[in-house]
Amino acid sequence: MEILPSRYDHPDAVTLDALVQQEYARRYGDDGDITPLTPEMFTPPHGTYLIAYDGGRPLATGGWRRQEDAAEGYAVGDAEIKRMYVVPEARGRGLARRILAALEADARAAGRTRMVLETGIKQPEALELYASSGYALVKKFGLYRTYDDSRCMAKSLVSGGEAPRSR
């Protein structure tokens with residue numbers, strides 16, 4: 001198993017993104033995540049995008065992008081996780097946790113001070129992963145901040161840093 005940086009518009013990234021969109025549509029009954037994303041958002045130093053491969057087959061993905069728009073509820077130093085996904089047949093092998101740790105390390109190395117994310121109540125395994133990885137619920141931010149089934153979480157990336165802003 002290897003986790004490699006990739007462009008968000010790489011064919012494997014596009015395939016995995018289509019699968020995660022199908023997952024969102026199945027769980028939420030809509031068209032998926034409508035957050036506007038571009039490859040440049042995941043290009044260092046603004047972010048990174050990772051794909052986990054096993055024998056050349058893409059199995060999991062995740063990225064972070066710099067987000068500091070106060071009008072959207074972000075803070076200076078924020079890195080936002082996007083497109084965390086593991087194909088169904090590879091779940092339960094710790095891939096999401098490995099990608100999350102790699103994203104946190106990369107964001108920290110890029111000078112980001114807090115990792116933030118938005119997920120939904122119909123993704124209990126995501127909520128459990130983030131909670132067990134030190135993320136706490138915070139005041140809602142971003143595109144889905146007005147949605148009742150949205151949950152926003154954060155984790156400090158600095159040693160001895162402040163706890164995430166409370167909800």
Side-chain angles (χ1 to χ4, degrees), residues 3 5-10 13-14 16-21 23-24 27-28 30-52 60-86 95-158 161-167:
I3 298 174
S6 176
R7 283 196 43 92
Y8 181 64
D9 57 358
H10 182 279
V14 171
L16 289 168
D17 190 66
L19 292 172
V20 74
Q21 293 296 346
E23 183 91 10
Y24 294 150
R27 291 184 188 221
Y28 295 97
D30 56 23
D31 295 329
D33 184 350
I34 58 171
T35 304
L37 298 176
T38 65
E40 293 74 30
M41 291 176 179
F42 300 102
T43 302
H46 307 290
T48 197
Y49 193 79
L50 303 174
I51 299 176
T61 187
W64 72 266
R65 65 179 179 157
R66 178 185 183 136
Q67 282 290 69
E68 298 185 335
D69 186 351
E72 293 278 323
Y74 297 98
V76 172
D78 280 355
E80 182 182 31
I81 293 173
K82 295 303 292 180
R83 298 300 190 262
M84 286 286 291
Y85 179 72
V86 178
L95 291 175
R97 195 169 300 280
R98 288 181 57 194
I99 286 178
L100 182 60
L103 291 174
E104 289 173 357
D106 188 79
R108 188 178 298 108
R112 302 284 84 199
T113 57
R114 186 174 78 144
M115 189 69 89
V116 299
L117 63 96
E118 184 276 332
T119 191
I121 60 172
K122 295 181 181 177
Q123 294 169 264
E125 60 283 291
L127 290 165
E128 171 57 31
L129 167 70
Y130 297 127
S132 69
S133 298
Y135 287 77
L137 291 171
V138 295
K139 182 178 178 185
K140 290 184 179 181
F141 55 81
L143 182 67
Y144 292 99
R145 66 187 176 278
T146 61
Y147 288 61
D148 290 338
D149 57 1
S150 172
R151 297 294 179 267
C152 292
M153 303 179 87
K155 177 181 178 179
S156 176
L157 294 177
V158 294
E162 289 182 20
R165 295 181 306 192
S166 65
R167 44 184 273 171

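Just so you know, these numbers use all the heavy atoms, side chains as well, and skip hydrogens, waters and symmetry mates.
Rounding to the nearest 0.5 angstrom, the gap separating the OH atom in Tyr135 from the CD atom in Glu128 is 14.0 Å. Note: Thr61 OG1 to Leu103 CG = 8.5 Å, rounded to the nearest 0.5 Å. Separation of atoms SG (Cys152) and CD (Glu80) is listed at 8.0 Å; rounding is to 0.5 Å.
Arg112 places a side-chain heavy atom less than 4.5 Å from the side chain of Trp64. With a 4.5 Å cut-off on side-chain heavy atoms, Ile3 and Ile99 count as touching. Side-chain contact check for Met41 versus Thr38: some heavy-atom pair is nearer than 4.5 Å. By the 4.5 Å heavy-atom criterion applied to side chains, Met84 and Val20 are not counted as neighbours.
Note: Phe141 and Tyr74 have tilted aromatic rings, judged against thresholds of 30 and 60 degrees for the angle between ring planes.
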Pair Arg114-Glu68, salt bridge (charged side-chain N to carboxylate O under 4.0 Å, His left out): steps then yes or no: CA-CA 11 Å; Arg114 186 174 78 144; Glu68 298 185 335; over 6 Å; no
Side chain to side chain contact (heavy atoms under 4.5 Å, CB included) assessment of Leu16 paired with Ile51: CA-CA 9 Å; Leu16 289 168; Ile51 299 176; 3.9 Å; yes
Test side chain to side chain contact (heavy atoms under 4.5 Å, CB included) applied to Tyr49 and Leu37, step by step: CA-CA 12 Å; Tyr49 193 79; Leu37 298 176; over 6 Å; no
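In this structure a side-chain-to-backbone donor-acceptor pair under 3.5 Å is missing from Arg83 to Gly63. Judged purely by atom type and a 3.5 angstrom limit, Thr113 has no side-chain atom pairing as donor or acceptor with the backbone of Asp78.
Closest heavy-atom contact between Leu157 and Arg108: O-NE, 2.7 Å. Of all the heavy atoms in Ala110 and Pro45, the pair that sits closest is CB-O, 4.4 Å.
Every residue meeting the side-chain contact (heavy atoms from CB on, under 4.5 Å) condition with Pro39, not counting sequence neighbours, appears here in chain and number order: Arg7, Tyr8, Asp9.
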For a quick test of your reading: what N or O donor-acceptor pairs under 3.5 Å do the side chains of residues 117-124 make, sequence neighbours left out?
| unit_1 | atom_1 | unit_2 | atom_2 | d |
| --- | --- | --- | --- | --- |
| Glu118 | OE2 | Ser150 | OG | 2.8 |
| Thr119 | OG1 | Gln123 | OE1 | 3.3 |
| Gln123 | OE1 | Tyr28 | OH | 3.0 |
| Gln123 | OE1 | Gly120 | N | 3.4 |

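If you run side-chain contact (heavy atoms from CB on, under 4.5 Å) between Ile81 and each of Arg65, Met115, Gln67, Lys155, only Met115 comes through.
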